[in-house]
Amino acid sequence: MGKQAQRVYTDSAGIQKLESLIEELPANGHVVLWLKDGSSCDGIVSTRPNVQLFRDPDQREGINAVVQLERPDVPEWKRHVWLDQIVRVEHLDSSMASES
């Protein structure tokens with residue numbers, strides 16, 4: 001498999017939370033992500049994330065997901081954020097209204 005994550009989720013509540021966050025992250029949406037560590041980051045969602053299978057450090061298999069943010073004004077800037085680290089998504093544009 002080869003995909004590693006610090007945390008994986010197998011319970012329905014944890015997976016539902018990830019899926020709920022995915023719905024808030026449309027492709028090309030401009031967002032601010034507020035993270036568990038108190039920091040935030042903003043950018044454009046490159047593609048809507050998907051839940052995927054990963055293994056944690058103890059080799060337990062479970063679900064997690066990653067979103068990639070980009071900034072058009074800084075082409076070399078990219079940031080990958082694990083969805084389970086997101087506390088809140090703030091939308092800076094109307095992308096949620098336009099995606100079906």
Between Ala65 and Ile22, which heavy-atom pair has the shortest distance, and what is it?
CB-CD1, 4.4 Å
Measure across Arg48 and Leu25 and return the closest heavy-atom pair with its distance rounded to 0.1 Å.
CG-O, 3.4 Å
Are any of the side-chain heavy atoms of Leu53 and Ile63 separated by less than 4.5 Å?
yes
Val45 versus Pro26, closest heavy-atom pair with distance
CB-O, 3.3 Å
What residue pairs, at least two apart or across chains, pass salt bridge (Lys or Arg N to Asp or Glu O under 4.0 Å) with a residue in residues 80-91?
Arg7-Asp84, Arg88-Glu90
Show the nearest heavy-atom pair for residues Trp34 and Ser40, with the distance to one decimal.
CE3-CB, 3.5 Å
Answer whether the closest heavy-atom distance between the side chains of Arg79 and Gln68 falls below 4.5 Å.
no
Distance in Å, Phe54 CZ paired with Trp82 CH2, rounded so as to fall on 0.5 Å steps
4.0 Å
Calculate, to the nearest 0.5 Å, the distance between atoms CD and CG belonging to Gln52 and Leu18 respectively.
11.5 Å
Nearest 0.5 Å, please: how far is OG1 in Thr10 from CD1 in Ile15?
6.5 Å
Looking at every non-hydrogen atom in both residues, tell me the closest pair between Val66 and Leu83 and how far apart they are.
C-CD1, 3.8 Å
Could you tell me the separation between the CD atom of Gln4 and the CG atom of Asn64, rounded to the nearest 0.5 Å?
12.0 Å
Same apolar cluster: Val89 and Val51, side chain cutoff 4.5 Å:
yes
Taking Asp56 for its side chain and Asp58 for its backbone only, find out whether a donor-acceptor pair lies under 3.5 Å.
yes
Could you list the residues that satisfy side-chain contact (heavy atoms from CB on, under 4.5 Å) with Arg71, not counting sequence neighbours?
Asp42, Asp73, Val74, Trp77
Chi angles and distances behind the side-chain contact (heavy atoms from CB on, under 4.5 Å) call for Cys41, Leu69
CA-CA 9 Å; Cys41 60; Leu69 298 181; 3.8 Å; yes
Under a 4.5 Å side-chain heavy-atom rule over Ile, Leu, Val, Met, Phe, Trp and Tyr, are Ile44 and Leu21 clustered together?
no
What is the minimum heavy-atom distance between Ser46 and Ala27, and which atoms define it?
O-CB, 4.3 Å
Verify side-chain contact (heavy atoms from CB on, under 4.5 Å) between Leu35 and Val87, making sure each step is shown before the conclusion.
CA-CA 5 Å; Leu35 307 177; Val87 174; 5.8 Å; no
What is the distance from atom NZ of Lys36 to atom CD of Gln85, rounded to the nearest 0.5 Å?
5.0 Å
Find the distance between CG (Leu92) and NE2 (His30) and round it off to the nearest 0.5 Å.
4.5 Å
